[in-house]
Amino acid sequence: METVQPALNETFIKTIEELRTYEKKNLRINRVKLTLTAIAAVLIVLIAVLLSTYVGKITHDINDLSATMTEAGNNINVVAEDLQKIDFELLGSSVQAFAQTGTETIDQIKESTQGLDQVLSDAQTAMQNLSSIDIRKLNESIQELHDVLEPVANFFNIFH
């Protein structure tokens, strides 16, 4: 029996050492888990603090956006009501009548300017003829005529 006991003691010691090694590994793993849990808790608290500072601003922005959207919706409703009031058939006939009146007016303007084209042509011819006159020669001719007629005028003034 004594030979069984030392073998049993060796096995028991070996098992105890294996359990101790296993417990050391378990302790390290638990420490890592505890550290990661603490870091996660700190991050969650930090995120919660950051979000709480922005919640008021976000809520205010959401309320502003909601008010803007409501106002835009009301404006769209007003525009839709105004569009429903439009008589598109009457509008179409009015536009057509306006276009027809405009066409008739343009035709009347064309008719009234037909004579104007001839007048403008004649005026252009007259301007060309007028611009072709040599004013210097005309003045010289008038002066010569004056010189010739002055003695005749003086002669007739004697009888007068």
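Since this is a predicted model, take the numbers as computed values, not measurements. Counting from 1, the numbers follow the sequence of the chain as shown.
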> So how far is it from Glu23 CD to Asn30 CG, rounded to the nearest 0.5 Å?
9.0 Å
> Can you tell me how far apart CG (Asn26) and NZ (Lys33) are? Round to the nearest 0.5 Å.
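Spacing of CG (Asn26) from NZ (Lys33) equals 7.5 Å.
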> Out of curiosity, Leu46 CG to Ile39 CD1, how far, rounded to the nearest 0.5 Å?
13.0 Å
> CZ/Phe12 to CG/Leu19 distance, rounded to the nearest 0.5 angstrom?
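Spacing of CZ (Phe12) from CG (Leu19) equals 9.0 Å.
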> With rounding to the nearest 0.5 Å, note down the distance linking OG1 in Thr11 to CD1 in Ile16.
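If we round to the nearest 0.5 Å, Thr11:OG1 and Ile16:CD1 are 11.5 Å apart.
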> If you count heavy atoms of other groups shown closer than 6.0 angstrom to CD of Glu18, is the number above 12?
yes
> Can you tell me how far CD1 of Ile29 sits from CZ of Arg31, rounded to the nearest 0.5 angstrom?
12.0 Å
